[in-house]
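In the text below, chain A, chain B and the rest are named by the order of the sequence lines, each starting its count at 1. Hydrogens, waters and symmetry mates are skipped; everything else that's a heavy atom, side chains included, is used.
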2 protein chains.
Amino acid sequence: MITPISLFNASCTECGLKKLCFPLGLDKADMLRLDAIVKRKYPLQKGDALFTTGQPFQAVYAVRAGGFKVSTVSASGEDQISGFYLPGDILGTDALATGNHISTAIAIDTTTVCEVPFQDLERLASQLPSLNHQLLSLMSKELADERMHAELLSRKSAEERLTLFVLWLSRRQERRGFSGTEFRLGLLHRDVALYLGLTPETVSRILARLAEEQVFSWRNKQIEIFDLQALIVLAGESQHEKTNSPRAQCG
Amino acid sequence: MITPISLFNASCTECGLKKLCFPLGLDKADMLRLDAIVKRKYPLQKGDALFTTGQPFQAVYAVRAGGFKVSTVSASGEDQISGFYLPGDILGTDALATGNHISTAIAIDTTTVCEVPFQDLERLASQLPSLNHQLLSLMSKELADERMHAELLSRKSAEERLTLFVLWLSRRQERRGFSGTEFRLGLLHRDVALYLGLTPETVSRILARLAEEQVFSWRNKQIEIFDLQALIVLAGESQHEKTNSPRAQCG
DNA sequence: GTTAATACTTGTTCTGAATCAATTTTAACG
DNA sequence: CGTTAAAATTGATTCAGAACAAGTATTAAC
């Protein structure tokens, strides 16, 4: 259960997500300094934009509850989804190079974030080497995630893509201390299809078949994994490969 | 013509690529400090690895001449190519998050690099805010490139992928002050096919057709563009879209 | 300079996923 | 709560590009 008010009030030192946001090297004093520059915002409603393409870069954001889909509008008007950001993830760093956001972040649920003004963060980071390293590390992880995404898109079959995606989510849930076999995901099948480079029809068909085969089901925003081993095999991860997650900036 | 010895001796202050590597904010004094930590290495031969998957992270590298293909080995043994790094580009930052390289960089030609030990770089960056910002900006650009790669893989047809790739190269050449219509590229068609998520056969067929149609030719490592406008149309960039490059860390 | 290996080309067949189309289900809103 | 719009499902058809195969051209090695 989400309790927006208490989350809204929580500071970094008290936040249950702090180990996710800044896993390394900040002692209590440093944490308080970080805390001082973080602004906790009122919840965004489903469909609200956190930032949009072209907006000047002001801050990075940590997801506390809910989530975002981040997309770029392509020539044809259809948007390509580059990633999903769930609690503990940090987003907005895409704007760093140009000073303007190159993508749009839309809340997929009622969502609360911490806003970290980037100027302040950069100034603080210049005084706290470990925070600075953490920042670089964060971006490096994003890059690794995006590469995995690209690999998925270029070499995997539709079934592999979908099962791999669910497997990533499952592992992510577990890493966060939640059930890896039963969880909620407030994403449209359509959005997942876009992310995976597939059509909604194909996703629907594969979901139907995998439910039939008792591997997992995904209905009404609820995912339930019946046969994790089968899922691993279908995802092509049976006896090899790295166990990275698709979006693990803060894990 | 490459003259390895003179390149080998050049320092950052004299280097023709310095505007590419560090476009922002370093004055002469700062540049000298950076120069002091950079190690210029003897040339690598074609096929040599600059770093390989799993190796501990020691340094980032700036390409001076030649180039690299960066790939990750997938389950099946085939490797997925995540990018190409040409003169002026900086590579190696993928290892930052984990402390170990998650990919392998292979020289595609006789190649010279500057090695920048990361510990030194990070220490220096903590004293030079503009260098630190530059580092973050670099990673942000890499991320943007990887997203463009993912978008190309998920939504573009084979012809669009290939023409877009050539267009990116062309623009990159121009930005570097070289001819955008006639240049050398020491890549195998096979590697480009892997990068684009296609088979060598498909690449070969499309190249044959585009040469036939007098759009561009690519034979014996030499690319020649006959009809840039047609190329732009085929790449699906006719009257819209951003003009980013695929690998523009230093441009 | 000859040989061996690797890369590239070209043709044919086949298939996975897109596309088109028609319902059914779910969510949104007054 | 009923109405309407959006999303998801299911089916039929099509097609772009993969896979397979067999040749030719380059490049590398000795």
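Between the CG atom of B:L162 and the C1' atom of D:dG17 there is a distance of 14 Å, given to the nearest Å. Regarding A:D191, its CG atom lies at a distance of 15 Å from the P atom of D:dA6, rounded to whole Å. In this structure, A:L196 places its CG atom 16 Å from C1' of C:dG16, rounding to the nearest Å. To the nearest angstrom, P of D:dG17 lies 6 Å from CD1 of B:I206. In this structure, CZ of B:R209 is placed 14 Å from P of C:dT9, rounded to the nearest angstrom. If you take CZ of B:R190 and P of C:dT9, they are 14 Å apart, rounded to a whole angstrom. Rounded to an integer number of Å, the gap from B:L187 CG to C:dT6 P is 19 Å. For the pair B:K156 NZ and D:dG17 C1', the interatomic distance rounds to 18 Å; values are reported in whole Å.
When side chains are defined from C-beta on, B:T72 does not count as touching A:M148, because their heavy atoms never get closer than 4.5 Å.
Residue B:K221 is classed as having no contact, given no heavy-atom separation below 4.0 Å to the nucleic acid. No engagement by B:L207 is indicated, since no non-hydrogen atom pair under 4.0 Å with the nucleic acid exists. Residue contacts shown for A:R219 are limited to sugar-phosphate atoms, with no base heavy atom under 4.0 Å away. Contact annotation for B:G197: backbone-only contact, meaning every heavy-atom pair under 4.0 Å involves sugar-phosphate atoms and none involves a base.
Side chain of B:H189, nearest nucleotide from C:dC8, D:dT9, C:dA17: C:dC8. Closest to the side chain of B:L198, out of D:dA18, C:dT19, C:dA7, is D:dA18. When the nucleotides D:dA28, D:dT10, C:dT9 are ranked by their closest atom to the side chain of A:S204, D:dT10 comes out on top.
Below the 3.5 angstrom threshold, one finds a donor paired with an acceptor across the side chain of A:R205 and the base of D:dG11. Side-chain N/O atoms of B:E201 and base N/O atoms of C:dC8 include no donor-acceptor pair closer than 3.5 Å.
Comparing B:R161 and A:V203 by the nucleotide of DNA chain D whose heavy atom lies nearest to each, the residue mapping closer to the 5' end is A:V203. For the pair B:N220 and B:S157, both in contact range of DNA chain D, the more 5′-proximal nearest nucleotide belongs to B:S157.
Of the options B:R184, B:Q45, B:K46, B:K221, a side-chain hydrogen bond (donor to acceptor under 3.5 Å, both in side chains) to B:D109 is made by B:R184 and by none of the others. When B:F165, B:W168, B:Y195 are each tested for a ring pair (Phe, Tyr, Trp, His ring centres under 6.0 Å) with B:H149, only one passes: B:Y195.
Residues A:T104 and A:T53 bring a donor and an acceptor atom of their side chains to less than 3.5 Å of each other.
Not one side-chain nitrogen or oxygen of A:K46 sits closer than 4.0 Å to the OP1 or OP2 atom of C:dA27. Regarding contacts with the backbone of D:dG17, every side-chain N or O of B:T202 stays at 4.0 angstrom or more from both OP1 and OP2.
Between the side chain of A:R190 and the backbone N or O of A:P200, no donor-acceptor pair lies under 3.5 Å.
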